[in-house]
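Residue numbers begin at 1 in each chain, while the letters A, B, ... track the order of the sequences. Treat the numbers as computed from the prediction; the structure is a model and nothing was measured.
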Amino acid sequence: MNCDTPFRLELTGITKRFPGVLANDSVSFGVKPGEIHALLGENGAGKSTLVKMIYGIMQPDAGEIRWNGEPVTITNPNAARRLGIGMVFQHFSLFEALSVLENIALGIDSKVPSRELRARISAIMDEYGLTLDPNRTVETLSVGERQRIEIVRALLLEPKLLIMDEPTSVLTPQEVEQLFGVLRQLAAQGCSILYISHKLHEIQALCDTATILRAGKLVHTCDPRQETSRSMAEKMIGAGLRDLTRSRDRALGEPRLVVSKLSTVQADHFDVPVRHVSFAVRAGEIFGIAGVAGNGQNALLEALSGETPASEAGAVAVDGKPMGTADVSARRSKGLSAVPEERNGHAAVGDFTLADNAVLTARDRIDMVTLGLIGRDKAEAFAGKVIETFGVKAQGPGAIAGSLSGGNLQKFVMGREILQRPSVLVVSQPTWGVDAGAAAAIHQALVDLAQAGSAIVIISQDLDELLALCDTMAVINGGRLSRAMPVAEVDVEEVGLLMGGIHGETEASDAVPA
Amino acid sequence: MTIGLLIAVTMTLIVASTPILIAALGELVVERAGVLNLGVEGMMLIGAVTGFITMFTTGNPWLAVLVAAIAGLLSSLIFGFLTLSLSANQTATGLALTIFGTGFSALAGQSYSAMPVSLFRSVFPAELTTHPYLRVLFGYSPLVYFSLIMVVVVWWFLKRTRGGLILRAVGENDLSAHSIGYPVRAIRYGAIAFGGAMAGIAGACFPLLLTPQWAEGMTAGRGWIAVALVVFASWRPFRLLAGAYLFGLVMTMELYAKAGGGPLTAIPSELWAAMPYLATIAVLVLISIRRDASTNAPACLGKPFLPSN
């Protein structure tokens, strides 16, 4: 290893043990000033535990952390921030009832008058091209906007080392480029960046070094530019990666989901309703809806799932049956299932077991209820089948949903719906924060479900995911849907512009000009 | 209605509301930090009996209030230790604290029953406190001014200070606060101790402000009204003030009705006695109709803090 520049952060033999699990097993690596260093690994590989120890949330059982060559004990996040370590969390550490400004103020240690803080925030937002209204309450913001708060909060501290945990999963291609610009700018100023992601091509585009963890052990350190995405993914999983198998040219059947002139009422001041949305999804088709967070995706998902029924029965039709005014249970029993973006709290009840969560959506289609009584054995058998089929890392059907990692819970809720063989499945952000192996499994399951004849709608901000999976896609912006485009003819540049709200001549004929 | 009667009613209602207001302000801060302490009634009784005994033995009302505050604080730390350090259920522990306070105060106060003390009176000169009009401003015990100052202090602390922001953050999302690096348990201990001290002072109001003697269970459920007030003030200090005085008005009217106060006797006294509780229901209904108020509850209220490491 070359020793011409000293490491800013150096880990030696870091070990962390939890009851029954060795989360980190003698991990050693170093990050130089100005280096963008990727940390790669599947869910449960020990990345989060490792960065929590660097950020002072946990203490290592053994090993040494050196900061600029000096051994340090980082007792808590305040100590980490004093050293100059900033972190953007994957599961945001935000306070929903508080304003953007208050959330940012909580993330800095010194007491700064709010006027000065406002000025510093707007200076940072101008410098890096981030937009946020400091007075809005966080609960009214989309996932993408919430992430911007975390980034601004970290940048305010002028960090020497910035830890980014899955930062790009909710951004548009332009926003990703912008973020990479910010990170390269920071690195050029001498800030080191520890970048956790499962998007391998991004790591190749951005990072100087990649450290790969598997089951708590460091398995490989490499230069990502010398590797292929596939070779890194295989090192991460420790096995060959299964290709997405599908036939592009398969024949699509009759329309199964027809949405015509669907509009929703604005629920509160910050809700973005959908307006005159029309599209059709055929049997076997995967229909993608791209768009930046906060452009009506939530309203659309809720209108399709039945959480907010439409006023016209004909607004949503499944297999020719109008269902616009039906509620969630009625739609489910007729074959229209939906998986919302928020897995813990919306798609699943965190305090319930996996078996109980299975009962919540699968009771009718899997026939778990007899004379009003839940068949425990049937529920457990079904939950067990989901766990087995989708490789969910859980102790069994009796595991508490909230105890699963985000990726594993996502696999469970996706598997729970897919195994019910719905006629139409609507999913939002199916692989948000999910590692490469799990994402591949979820993608394959969606493709298999489509090939079996279901119609699938994927609402996602991950354009690569949509381009890889979908047959047809459209862009949602400000609650309006663009025309549907066959994926083979999609121009990424144009989609990016549509996501940003700039409409070209390709605007849908039924959309009102902006 | 004459000016004199109006002044008398105003003064009675302010004095009658003061213990509820002080106890509820303490509980408001505790709940904003995400802790539900249902032991207010018990801590008030502990404050009442210790305050009374101190007043009886020393005759110094300031010392009595201080002792009551310390006694309330210490009893709240029992609750804090069980719920924060041992992660016991907050509802059950709070109820246990009320039962403990009821028993402890009855035991400690056994030999003091029906012995008189003097009230904690206004410190302003007699020309002001007995003036027919100015007494509405100056005729109160320092405890009343303390309660009003504390409304402003609690509002200012929660709304304007960094400490208040951190406390609200802890009540909103304890795990996030922990991950940013705030000492969640220490902050909650602090809030619980403040709530305990306020409940103790509220308890001392009974012998020092209302009836100058010790009687078993003399707080008569006012601690529970304080807990309810916090909810329907939707955790805001000035709404709490308005709510407390509304209760004071109802309780005052009950007193006047019992004393045969003219038109008020048209309603049976049993109904007057039920008024505070009927008012509770009425206000709760009104608040539930307004949708934003119920969502103002601290998100972590009553949940144990269990960080993953």
Asks: So does A/Phe352 have more than 12 non-hydrogen atoms from other groups sitting under 6.0 Å from CZ?
Replies: no

Asks: Within a reach of under 6.0 Å around CD of A/Gln395, are more than 12 heavy atoms found that belong to other residues, nucleotides or ligands?
Replies: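 At most 12 heavy atoms, drawn from other residues, nucleotides or ligands, come within 6.0 Å of this atom.
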
Asks: Which bit of B/Ala299 is near chain A, if near means a heavy-atom gap under 4.5 Å: side chain, backbone, both or neither?
Replies: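 Neither part; nothing is under 4.5 Å.
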
Asks: What heavy-atom pair brings A/Ile57 and B/His178 nearest, and what distance separates the two atoms?
Replies: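 Smallest heavy-atom distance, with atoms named: CG2-NE2, 4.5 Å.
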
Asks: So, B/Asn173 side chain and A/Glu96 main chain: donor-acceptor pair closer than 3.5 Å or not?
Replies: no

Asks: Can you see which heavy atom on B/Arg168 is nearest to which on A/Leu98, and at what distance?
Replies: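 Answer, listing the atom of B/Arg168 first, then A/Leu98: NH1-CD2, 3.7 Å.
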
Asks: Working to the nearest 0.5 angstrom, can you tell me the gap between A/Ser114 OG and B/Arg162 CZ?
Replies: 12.5 Å

Asks: Can you see which heavy atom on B/Ser179 is nearest to which on A/Pro77, and at what distance?
Replies: O-CG, 3.4 Å

Asks: Within a reach of under 6.0 Å around CD of A/Gln59, are more than 12 heavy atoms found that belong to other residues, nucleotides or ligands?
Replies: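 Enclosed: over 12 neighbouring heavy atoms sit under 6.0 Å from CD of A/Gln59.
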
Asks: For atom CG of A/Asp351, is the number of surrounding heavy atoms from other residues, nucleotides or ligands below 6.0 Å larger than 12?
Replies: no

Asks: Distance from B/Ile180 atom CD1 to A/Asn78 atom CG, nearest 0.5 Å?
Replies: 9.5 Å

Asks: Looking at A/Ala105, A/Ala80, A/Gly107, A/Gly56, which has the largest count of heavy-atom pairs under 4.5 Å with chain B?
Replies: A/Ala105

